[in-house]
Amino acid sequence: MSRILIVEDEAIIRSALKRLLERHDHRVSEAGSVAEALALEPQGFDLVISDLRLPGEPGTELIARAAPVPVLIMTSYASMRSAVEALKLGAVDYVAKPFDHDELLETVARVLHRQASQQGEPPDITEPGGTRQPMIGNCPAMQVVYTRIRKAAPADVTVLIQGESGTGKELVARALHQQSRRAHAPLVCVNCAAIPETLIESELFGHEKGAFTGASAARTGLVEAADGGTLFLDEIGELPLDAQARLLRVLQEGEIRKIGSVETRHVDVRLIAATHRDLQSLSKTGEFRLDLYYRLNVMQIDLPALREREDDILEIADVLLEKACRRHERDGLRLSRAARRTIRDYPWPGNVRELENALERGVILAEGHLIHPDDLGLAPTPQPPGRSPAPAPAIAGQEEQEAGDEEDLSLEDYFQHFVLEHQDQMSETELAQKLGISRKCLWERRQRLGIPRKKSPRRNTG
């Protein structure tokens, strides 16, 4: 049972709020001013809910004097600018009066949950800009992930991270690196699917001058660049077989040889790999080397999809929304109750990346201080697996109607039709050129739309 201190000078509002919170199993104390609140020793509570305007000192005085206890500020709609100032001073959140009961209870629950979870904090990640950001979420599946990170990071073993696209595999790789003995050395991140097959070996292992047409100077590969540190290979399932053989030698012997060179050199690299594909199944079809799979899978970390993290979705949304608000200078913008419900119930096939995009749209499109469901721009919720919509009754002229619909295909429909029709005759590079997009963009759309990439037949090297 949480202890909450209400600081409000209007007795009617104070008693109504107390009854509401007590009905939901909170123990509540009351104060009518900052002085009265301090007399009750606010550090002994789990949460302080304070009106902004009070007799004597304003409610924001409690932010520092109640620390580390979080302070939730209440303010009127006419004082939104003051609420934003309160957030800048360190208030954990604000609620607007007259407040909606459900929204208030949801905000209180979120703040208390965040406080309770700090005892088992997820690992911090230092982002490329130098900002430290903890991994978000405390659901049981993520607690398993955090435990694996803490145990695997200092062990200096190869790690295979598995999970759908957009679940945060690179964040896990950064956490492993930053908690390892190699944290002072470089972390080199490579998306194997974003580099053309003809260049991937050169990018990874380097080449000598004149090794092939266009090699006008010697080049150091990314594996060598990670010497002493960590190499993160994202989407390793897309790595061509020849490059897989070279990578296996790095893992077994710690040796690399540049393209066009007869000399080998030793490297000390920790490898972290990630994929959304089943590498063991790919090895049975000859698309991935089984010996490389076993070398990679010393320690496995499985990332849950966002739809499997119900308790975390709104917490992640709040953090991403705060970042989007800072980018677009929309301080104080919040999700409406309906928007929060939409976010909680949506299946998120694109995972955290899709959630981040939806919130970005919401920040840009919202009018006023609330983001509504329409602002998020989410498609209607798909039918659950195994359930298909009832077929439409046959009508005269249906074939003509369908032919007409073909001419009105969406961009994604056009992309899907074009790729499926031409991928047997074209390489990935040619497909991307015809569609007018980069090879990386082609790969990302394949993942989003679930279009598998055609593999060229395995070459006979014997």
Side-chain angles (χ1 to χ4, degrees), residues 125-130 153 156-161 169-275 288-289 291-293 295-296 298 427-429 432 438-441 443-444 459 461:
I125 307 299
T126 301
E127 296 178 338
D156 209 38
V157 295
T158 304
V159 180
L160 179 62
I161 307 167
K169 296 189 285 292
E170 185 171 337
L171 286 180
V172 174
R174 288 188 181 279
L176 287 164
H177 173 71
Q178 290 163 12
Q179 294 184 35
S180 73
R181 300 167 191 163
R182 300 171 181 262
H184 64 282
L187 167 66
V188 177
C189 301
V190 184
N191 186 328
C192 298
I195 304 174
E197 291 183 22
T198 53
L199 297 178
I200 187 73
E201 289 186 63
S202 171
E203 287 288 319
L204 287 177
F205 307 104
H207 62 255
E208 296 290 355
K209 181 179 178 180
F212 50 84
T213 304
S216 56
R219 177 176 181 142
T220 299
L222 295 172
V223 175
E224 189 174 349
D227 192 14
T230 305
L231 177 67
F232 173 51
L233 295 182
D234 196 6
E235 295 303 341
I236 196 169
E238 307 299 322
L239 200 64
L241 288 168
D242 290 346
Q244 291 179 31
R246 283 178 174 267
L247 183 62
L248 183 62
R249 185 162 186 83
V250 173
L251 291 174
Q252 289 178 335
E253 310 295 337
E255 290 181 350
I256 59 167
R257 182 167 59 84
K258 291 183 177 181
I259 296 174
S261 174
V262 295
E263 297 180 357
T264 60
R265 66 158 294 175
H266 284 272
V267 289
D268 175 23
V269 173
R270 182 193 193 171
L271 182 65
I272 300 174
T275 182
F288 199 85
R289 294 182 63 115
D291 48 2
L292 178 57
Y293 167 70
R295 291 292 302 191
L296 291 174
V298 178
S427 68
E428 292 295 285
T429 301
S438 68
R439 194 171 180 275
K440 181 172 185 264
C441 184
W443 173 80
E444 288 176 343
R459 282 180 286 182
T461 56

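Throughout, numbering of the chain's residues begins at 1 and tracks the sequence.
Judged as a side chain to side chain contact (heavy atoms under 4.5 Å, CB included), and not counting sequence neighbours, the contacts of Gln252 are Leu248, Arg295. Judged as a side chain to side chain donor-acceptor pair (under 3.5 Å), and not counting sequence neighbours, Thr275 has no contacts. A search for side chain to side chain donor-acceptor pair (under 3.5 Å) contacts involving Glu235 returns His276, not counting sequence neighbours. Looking at residues two or more places apart in sequence or on another chain, you find a side chain to side chain donor-acceptor pair (under 3.5 Å) between Arg246 and Glu201. Applying the side chain to side chain contact (heavy atoms under 4.5 Å, CB included) rule to Ala274 yields the partners Ile161, Lys169, Phe232, Asp234; only residues at least two apart in sequence or on another chain are considered. With sequence neighbours excluded, the residues satisfying side chain to side chain contact (heavy atoms under 4.5 Å, CB included) with Ser202 are His207, Phe212, Ile259.
Considering all non-hydrogen atoms of both residues, Ser180 and Ala153 come closest at CB-O, 3.3 Å. The shortest heavy-atom contact between Ile256 and Phe205 is CG2-CD2, 4.2 Å. Listed here is the closest heavy atom pair of Pro186 and Ala225: CG-O, 3.7 Å. In terms of heavy atoms, Val269 sits closest to Val223 at CG2-O, 3.5 Å. Residues Glu238 and Ala193 share a closest heavy-atom pair of CG-CB, 3.7 Å. Contact between Ala243 and Ile200 at its shortest, heavy atoms only, is CB-CG2, 4.3 Å.
Residue pairs meeting the side-chain hydrogen bond (donor to acceptor under 3.5 Å, both in side chains) criterion with at least one member in residues 254-263, sequence neighbours excluded, are Arg249-Glu255. Sorted by first and then second residue, the salt bridge (Lys or Arg N to Asp or Glu O under 4.0 Å) pairs involving residues 215-228 (not counting sequence neighbours) are Glu203-Arg219, Glu224-Arg265, Asp227-Arg265.
To the nearest 0.5 Å, atoms CG (Leu204) and CG (Leu233) are separated by 6.0 Å. Between atom OG1 of residue Thr230 and atom CD of residue Gln178 there is a gap of 9.5 Å, rounded to the nearest 0.5 Å.
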Open item on the list: I'd like to know whether Asn191 forms a side chain to side chain contact (heavy atoms under 4.5 Å, CB included) with Cys189, so could you lay out the CA-CA distance, the side-chain angles of the two residues, the decisive distance to 0.1 Å, and finally the verdict.
Closed with: CA-CA 7 Å; Asn191 186 328; Cys189 301; over 6 Å; no
Task: Intermediate values then yes/no, side chain to side chain contact (heavy atoms under 4.5 Å, CB included), Gln244 and Leu247 - done: CA-CA 5 Å; Gln244 291 179 31; Leu247 183 62; 5.6 Å; no
